[in-house]
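Please read all numbers here as calculations on a predicted model, not as lab measurements.
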There are 2 protein chains.
Amino acid sequence: MRPHPAGAVTTPARMLEMPTWLISRAYAHAHRLLSDGFAAAGSRGYHYRLLGALEEFGPASQAALGRGTGIDRSDVVASLNELAGPGFIERVPDPDDRRRNIISITPAGTRQLRKLDKVLAGIQEKLLAPLPAADRTEFVRLLTRLLEPDN
Amino acid sequence: MRPHPAGAVTTPARMLEMPTWLISRAYAHAHRLLSDGFAAAGSRGYHYRLLGALEEFGPASQAALGRGTGIDRSDVVASLNELAGPGFIERVPDPDDRRRNIISITPAGTRQLRKLDKVLAGIQEKLLAPLPAADRTEFVRLLTRLLEPDN
DNA sequence: GCCCAACGTTGGCGCAGCCAACGACATTGA
DNA sequence: TCAATGTCGTTGGCTGCGCCAACGTTGGGC
């Protein structure tokens, strides 16, 4: 193979130390692990967030779920539809407020959540593998601090 | 306003300390800053990556650019089209290999790149604001290390 | 009773990442 | 030499995640 026109092209040096770049690479890496793992379990990120919120806080309206998980109302609708298909959640109209649905997690949903929890735990491990144990806590601390202002 | 069905819903606790979650939040935060800043300058992430690679490595084929920047060949095509519109890059067929185009950055492209560089510098500042100076280097170090295995 | 706000839902957009397929061309190996 | 293999640019399509606008329905404040 002949050399490329002007030699090899690699990641531009101007980016290699930029936090935004590093974060976006780290995200890409994590997201790949995540979506592979979730896909293998037949779910995706939104599903996990919603099931997690439902288990932790009990039945809630779609709007409350959206606010709590940071998922847009319209995306909550779609995701809950997907979760309702396999019977992971139940949608019941709120008799006290006919605008609302009350969403609850089903036993099957809880089982799915457990499954996803396991997948996720494995992924944290894989992701942090390059960091010695001491650095991992520090890493989490720094990230948490970075995000503190916007809660 | 009446209370929600089962009290307030917030981010599920199971996520709050998961690296994958923190990284995805950090990315969301950074991405918002980035795409706002880039949009104000009439560009987006792919444009910056491509212009940066072109300036650093000189003229290159589209395939080489794609490999170097991690952008898919098909997306390189579209992005270069967008960059060619305002005249930020030039596309010339390679006389030595008629499969290839040779892409070069134009003076206007270099000016645009400078503009984006400035935007970006400001964003790093904004992003790292919550971290004391000492922590910033550590943060970059940890992220770099985390990504080392996959280069 | 009016007006405004919240609710669920539909439909649409953007960015980033990826994959499959195509015709054109180049390189390799029998 | 010529067929196979592989690369290049390009088209078109898909997913995840994050948004926004609009609509009809319903509830609460005045």
Side-chain angles (χ1 to χ4, degrees), chain A residues 1-5 9 20-21 23-39 42-50 60-67 69-82 84 91-103, chain B residues 1-5 20-21 23-39 42-50 60-67 69-82 84 89 91-103:
Chain A
M1 203 205 283
R2 293 191 292 101
H4 299 128
V9 177
T20 48
W21 176 253
I23 288 174
S24 107
R25 290 310 88 197
Y27 170 74
H29 182 40
H31 184 66
R32 216 151 106 90
L33 294 175
L34 280 175
S35 57
D36 285 359
F38 279 158
S43 279
R44 49 202 187 84
Y46 279 6
H47 299 157
Y48 180 75
R49 290 201 228 170
L50 289 168
S61 73
Q62 300 185 189
L65 284 173
R67 282 187 297 266
T69 56
I71 303 175
D72 190 88
R73 307 210 305 278
S74 59
D75 299 318
V76 170
V77 174
S79 303
L80 289 181
N81 288 342
E82 291 156 7
R91 234 201 213 102
V92 171
D94 185 340
D96 294 353
D97 185 340
R98 308 218 309 269
R99 292 171 304 178
R100 291 179 177 159
N101 293 333
I102 298 180
I103 313 298
Chain B
M1 202 204 281
R2 290 192 292 102
H4 299 127
T20 49
W21 176 252
I23 288 175
S24 105
R25 289 312 86 197
Y27 171 74
H29 183 38
H31 184 68
R32 205 149 61 107
L33 294 174
L34 280 175
S35 55
D36 285 359
F38 280 157
S43 280
R44 52 202 186 84
Y46 279 6
H47 298 158
Y48 180 75
R49 289 200 227 169
L50 289 169
S61 73
Q62 298 185 191
L65 284 172
R67 281 188 297 265
T69 57
I71 303 176
D72 190 89
R73 306 211 304 281
S74 60
D75 299 318
V76 171
V77 174
S79 303
L80 289 181
N81 287 343
E82 290 156 7
I89 59 120
R91 235 199 212 105
V92 170
D94 184 342
D96 293 353
D97 185 340
R98 307 217 313 269
R99 291 172 304 179
R100 289 179 178 159
N101 293 332
I102 298 179
I103 313 298

**Request:** Would you please test B:Val92 and B:Asn101 for side chain to side chain contact (heavy atoms under 4.5 Å, CB included) and show each step?
**Result:** CA-CA 5 Å; B:Val92 170; B:Asn101 293 332; over 6 Å; no
**Prompt:** Given B:Ser79 and B:Arg44, is the side chain to side chain contact (heavy atoms under 4.5 Å, CB included) satisfied, shown in steps?
**Reply:** CA-CA 9 Å; B:Ser79 303; B:Arg44 52 202 186 84; 3.9 Å; yes
**Message:** Apply side chain to side chain contact (heavy atoms under 4.5 Å, CB included) to residues A:Ile71 and A:Arg49 and explain how you reach the verdict.
**Reply:** CA-CA 9 Å; A:Ile71 303 175; A:Arg49 290 201 228 170; 3.7 Å; yes
**Item:** Worked check of side chain to side chain contact (heavy atoms under 4.5 Å, CB included) between A:Arg91 and A:Gln62
**Value:** CA-CA 9 Å; A:Arg91 234 201 213 102; A:Gln62 300 185 189; 2.8 Å; yes
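In this structure, A:Glu82 atom CD and D:dC17 atom P are separated by 10 Å, rounded to whole Å. Straight-line distance from the CZ atom of A:Arg67 to the C1' atom of C:dA5: 12 Å, rounded to whole Å. With rounding to whole Å, A:Gln62 atom CD is found 17 Å from D:dT25 atom P. In this entry the distance linking CG of A:Asp96 with P of D:dG27 reads 10 Å, nearest Å. Here the P atom of nucleotide D:dT15 and the CG atom of A:Asp36 are 16 Å apart, to the nearest Å. Between the CG atom of B:Leu80 and the P atom of D:dC8 there is a distance of 14 Å, rounded to whole Å. In this entry the distance linking CD1 of B:Ile71 with P of D:dC8 reads 16 Å, nearest Å. The separation between A:His31 atom NE2 and D:dT15 atom P is 13 Å, rounded to whole Å.
Considering only side-chain N and O atoms, B:Asn81 lies nowhere under 4.0 angstrom from the phosphate OP1 or OP2 of D:dG9. Between A:Arg100 and C:dA5 there is no side-chain N or O to OP1 or OP2 distance below 4.0 Å.
Comparing atom distances between the A:Arg49 side chain and each of D:dC17, C:dG17, C:dT9 picks out D:dC17 as nearest. With distances taken from any side-chain atom of B:Ser61 to the nucleotides D:dG9, C:dG8, C:dC15, the minimum falls on D:dG9. Picking from D:dG16, D:dC8, D:dG27 the nucleotide with the shortest atom distance to the side chain of A:Arg98 gives D:dG27. Comparing D:dC20, C:dC7, D:dC17 by their closest approach to the side chain of A:Asp72 singles out D:dC20. The listed nucleotides are C:dC7, C:dT9, C:dA24; the one nearest the side chain of B:Arg99 is C:dA24.
Between A:Phe38 and A:Arg73, the residue whose closest nucleotide on DNA chain D is further toward the 5' end is A:Phe38. Taking the nucleotide of DNA chain D with the nearest heavy atom to each of B:Ala63 and A:Asp75, the more 5' of the two is matched to B:Ala63. Each of B:Tyr46 and A:Arg91 was matched to the nucleotide of DNA chain C holding its nearest heavy atom; the match closer to the 5' end belongs to A:Arg91. Closest-nucleotide positions on DNA chain C for A:Ser74 and A:Arg32 were compared, and the one nearer the 5' end corresponds to A:Ser74.
The shortest heavy-atom contact between A:Val9 and B:Ala60 is CG2-CB, 3.9 Å.
Using a 4.0 Å heavy-atom criterion, one finds that A:Gly45 contacts the sugar-phosphate atoms exclusively. Among the atoms of the strands shown, only primed sugar atoms or phosphate atoms (P, OP1, OP2) are found under 4.0 Å from some heavy atom of A:Arg44.
The backbone N or O of A:Ser74 lies less than 3.5 Å from a partner atom in the side chain of A:Asp72, making a donor-acceptor pair.
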